[in-house]
Amino acid sequence: MSFTYKRSSSLFNEAQKYIPGGVNSPVRAFNAVGGDPVYVKSAKGAYLHTEDGHQLIDYIASWGPMILGHAFEPVVDAVIEATKKGTSYGMPTELETQIAKLVVSMAPNVDQVRMVNSGTEACMSAVRLARGFTGRDKIIKFAGCYHGHSDSFLIQAGSGAVTFGSPNSPGVTIGTAQDTLLATYNNLDQVAEIFEKNKDQIACVIIEPIAGNMGCIVPQEGFLEGIRELCDANGALFVFDEVMTGFRLARGGAQETTGVKADIITYGKVIGGGLPVGAFAARQEIMNHLAPLGPVYQAGTLSGNPLAMSAGLAMLEHLNDNPDVFVNLAQKTEHLHKGIESVLSTKGIDHQINRCGSMMSVHFTDQPVIDFESAATGNNEWFKKFFHGLLDRGIYLPPSAFESYFLNDALSYEDLDRTVTAVEEVVSKW
Ligand SMILES: *Cc1c(COP(=O)(O)O)cnc(C)c1O
């Protein structure tokens with residue numbers, strides 16, 4: 001059995017004429033794995049139905065949002081009902097208060113939440129708020145952590161003696177890059193050093209508390225706690241980017257699973273139930289600085305959109321009422337982890353599997369993957385063969401070694417076992 005994707009390829013050819021690179025977000029283009037992207041016609045539960053007539057087991061869940069599976073009925077129904085009442089007003093609705101109240105009850109350490117339209121917007125606004133609150137310009141971010149595509153985050157390590165970063169995309173100015181200081185994930189000493197060299201200049205440290213954008217990387221014992229102390233000692237805010245982890249790892253996200261308190265928390269993905277939503281939240285003292293209460297400006301014509309809020313509310317209500325989802329998902333992820341691990345170990349293939357809750361990643365390297373540099377030691381040729389071998393067998397993994405799998409609760413143990421069997425077939429020929 002080997003799937004072919006002829007219609008997808010022809011749709012991609014047509015798309016490339018009218019859309020840059022044929023896609024509206026680069027990772028979809030398969031640049032990291034080669035070949036043409038797969039076109040989706042519809043999706044239900046754990047399965048994607050492609051334009052080629054194939055059913056695929058989905059391990060990306062739209063990069064996180066579809067934690068309960070595709071076309072989850074309470075969410076779909078909520079959106080249909082809301083649509084009939086009008087799709088946007090640009091005026092307040094009660095729905096916005098309902099979802100804000102629920103977010104505040106689920107997320108630790110926050111009094112208020114502001115809705116936006118993407119994770120990018122949430123992180124961009126969180127940093128502006130941190131700067132406005134502290135009156136400082138510089139931020140610390142970690143190599144390999146992704147916080148959306150706003151200028152301050154598109155930064156790579158600077159050269160030589162400089163501690164600030166340099167732009168890693170044309171269009172980002174050197175001036176902007178100089179305010180972003182780059183650190184290595186899981187290297188607390190380096191963070192301390194950066195604070196030392198930039199006394200009273202750091203507005204915030206922003207981090208993925210469980211990283212998911214260099215594969216899945218878990219913070220080592222004491223790392224987040226240490227940053228928390230450094231922030232407190234230096235009057236800086238600690239920003240948790242929970243766009244991936246929020247409402248995925250636990251009701252209270254990574255703050256709950258790590259026990260570390262953040263000052264500003266950004267959300268996205270799950271919070272929108274599959275519609276374009278982001279959010280940032282903090283305690284009152286910080287949120288008081290945000291317009292229209294305070295001077296830090298932030299706005300959005302479609303922010304708090306009634307369709308998006310209906311989808312998000314239905315999603316969060318279900319998760320809030322059924323916290324066992326998080327436990328079940330973690331067990332399913334562990335099952336998949338153990339299955340793949342056993343196959344790769346038996347075959348003697350160098351690998352590291354990282355996992356946290358319903359996020360995991362397979363790295364083809366013999367080194368522990370703890371930061372961007374070690375993630376980059378993965379053998380990409382093996383990853384490509386692994387990805388395409390599974391795609392040929394009806395299993396859809398993230399098309400890049402630097403992305404995490406996101407499991408959804410519609411996956412059955414039979415799906416997971418089918419996946420492990422497919423892995424066995426793929427690597428049997430290596
Ligand atoms: C996806 C993601 C973002 C960006 O969210 P968009 O909705 O794609 O703009 C920011 N931070 C993290 C951790 C993410 O995973």
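Not measured: the values here are computed from a predicted model.
How far CG of Asn168 is from CG of Leu182: 9.0 Å, rounded to the nearest 0.5 Å. The CG atom of Asp189 lies 11.5 Å from the CD1 atom of Ile194; values are rounded to the nearest 0.5 Å. Expressed to the nearest 0.5 Å, how far CZ of Arg131 lies from CG of Leu129 amounts to 11.5 Å. Taking CG of Asp137 as the reference point, atom OG1 of Thr180 lies at 10.5 Å (rounded to 0.5 Å). Going from atom CG of Asn354 over to atom CE of Met214 covers 10.0 Å, rounded to the nearest 0.5 Å. Remark: Leu237 CG to Ile206 CD1 distance equals 11.0 Å, nearest 0.5 Å.
Counting all heavy atoms, side chain and backbone alike, Val116 lies closest to Ser303 at CA-OG, 3.8 Å. Minimum interatomic distance between Tyr405 and Leu397 (heavy atoms only, all atoms of both residues): OH-CD1, 3.6 Å. Residue Ala61 comes nearest to Asp58 through the heavy atom pair N-OD2, 3.2 Å, listed as atom of the first residue, atom of the second, then distance. Nearest heavy-atom pair, Tyr59 versus Thr419, reported as atom, atom and distance to 0.1 Å: OH-OG1, 2.6 Å. Heavy atoms only, all atoms of each residue included: Ala46 and Ala410 are closest at N-CB, 3.5 Å. Counting all heavy atoms, side chain and backbone alike, Ser404 lies closest to Met359 at OG-CB, 3.4 Å.
Here the side chain of Asn234 pairs no donor or acceptor atom with the backbone of Ala236 at under 3.5 angstrom. Looking at Glu121, its side chain never comes within 3.5 Å of a backbone N or O of Gly278 through a donor-acceptor pair. With hydrogens and angles disregarded, no donor-acceptor distance shorter than 3.5 Å links the side chain of Thr120 to the backbone of Gly148. Using modelled atom types, one side-chain atom of Asp52 and one backbone atom of Ser8 make a donor-acceptor pair closer than 3.5 Å. Remark: side-chain polar atoms of Asp241 are not paired, donor with acceptor, to backbone N or O of Glu208 under 3.5 angstrom. Put simply, the side chain of Asp151 never gets that close to the backbone of Leu154: no donor and acceptor are under 3.5 Å apart. Between the side chain of Asn320 and the main chain of Leu316, no donor-acceptor pair closer than 3.5 Å is present. At distances below 3.5 Å, at least one donor-acceptor pair connects side-chain atoms of Ser374 with backbone N or O atoms of Asp371. A donor-acceptor pair is defined here as one N or O able to donate and one able to accept, closer than 3.5 Å; such a pair exists between the side chain of His388 and the backbone of Val33. When atom types are taken as modelled, the side chain of Arg248 and the backbone of Gly64 share a donor-acceptor pair closer than 3.5 angstrom.
Applying the 6.0 Å contact sphere to NE2 of His335 captures more than 12 heavy atoms from other residues, nucleotides or ligands. Shown here is Glu373, whose CD atom has no more than 12 heavy atoms of other residues, nucleotides or ligands within 6.0 Å. For Tyr297, the OH atom is loosely surrounded, since the number of other residues' heavy atoms within 6.0 Å does not exceed 12. Atom CD of Glu221 has 12 or fewer neighbouring heavy atoms from other residues, nucleotides or ligands inside a 6.0 Å radius. The number of heavy-atom neighbours closer than 6.0 Å to NZ of Lys101, taken from other residues, nucleotides and ligands shown, is 12 or below.
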Worked check of side chain to side chain contact (heavy atoms under 4.5 Å, CB included) between Val325 and Leu319: CA-CA 7 Å; Val325 165; Leu319 293 172; 4.1 Å; yes

Evaluation steps, side-chain hydrogen bond (donor to acceptor under 3.5 Å, both in side chains), between Gln298 and Arg128: CA-CA 9 Å; Gln298 191 281 323; Arg128 184 180 304 144; over 6 Å; no

Evaluation steps, side chain to side chain contact (heavy atoms under 4.5 Å, CB included), between Glu14 and Leu11: CA-CA 5 Å; Glu14 183 73 358; Leu11 289 170; 5.7 Å; no

Steps toward side chain to side chain contact (heavy atoms under 4.5 Å, CB included) verdict (Met115, Ile99): CA-CA 10 Å; Met115 290 290 169; Ile99 189 168; 3.8 Å; yes

Verdict with supporting geometry, Lys338 and Glu341, salt bridge (Lys or Arg N to Asp or Glu O under 4.0 Å): CA-CA 5 Å; Lys338 298 283 182 253; Glu341 177 133 281; 5.0 Å; no

CA sep, side-chain torsions, deciding dist, call: Thr50, Tyr396, side-chain hydrogen bond (donor to acceptor under 3.5 Å, both in side chains): CA-CA 11 Å; Thr50 81; Tyr396 195 76; over 6 Å; no

CA sep, side-chain torsions, deciding dist, call: Ile202, Leu181, side chain to side chain contact (heavy atoms under 4.5 Å, CB included): CA-CA 9 Å; Ile202 311 287; Leu181 310 174; 3.5 Å; yes

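Of the charged side-chain nitrogens involved, at least one lies within less than 4.0 Å of a carboxylate oxygen, so that Asp200 and Arg136 count as a salt-bridged pair. With respect to Arg228 and Asp263, a salt bridge is recorded, a charged nitrogen being found less than 4.0 Å from a carboxylate O.
Checked against the 6.0 Å centroid criterion, the rings of Phe12 and Tyr5 do not qualify as a close aromatic pair. Between Phe372 and Phe142, the distance from one ring center to the other does not fall under 6.0 angstrom.
Annotation: side chain of Asn213 is not in contact with side chain of His147 (no heavy-atom distance under 4.5 Å). Using a 4.5 Å heavy-atom cutoff, the side chains of Phe280 and Val239 are not in contact. Taking the side chain as every heavy atom from C-beta outward, His318 and Val75 never approach each other to under 4.5 Å.
Ring geometry for Phe364 against Phe386 counts as perpendicular: the plane angle is over 60°, on a 0 to 90° scale with 30° as the lower cut.
A cation-pi arrangement is present between Lys385 and Trp430, with the terminal nitrogen or guanidinium carbon under 6.0 Å from the aromatic centre and inside a 45° cone about the axis.
Residues that satisfy the ring pair (Phe, Tyr, Trp, His ring centres under 6.0 Å) test with Phe383, not counting sequence neighbours, are absent from this structure.
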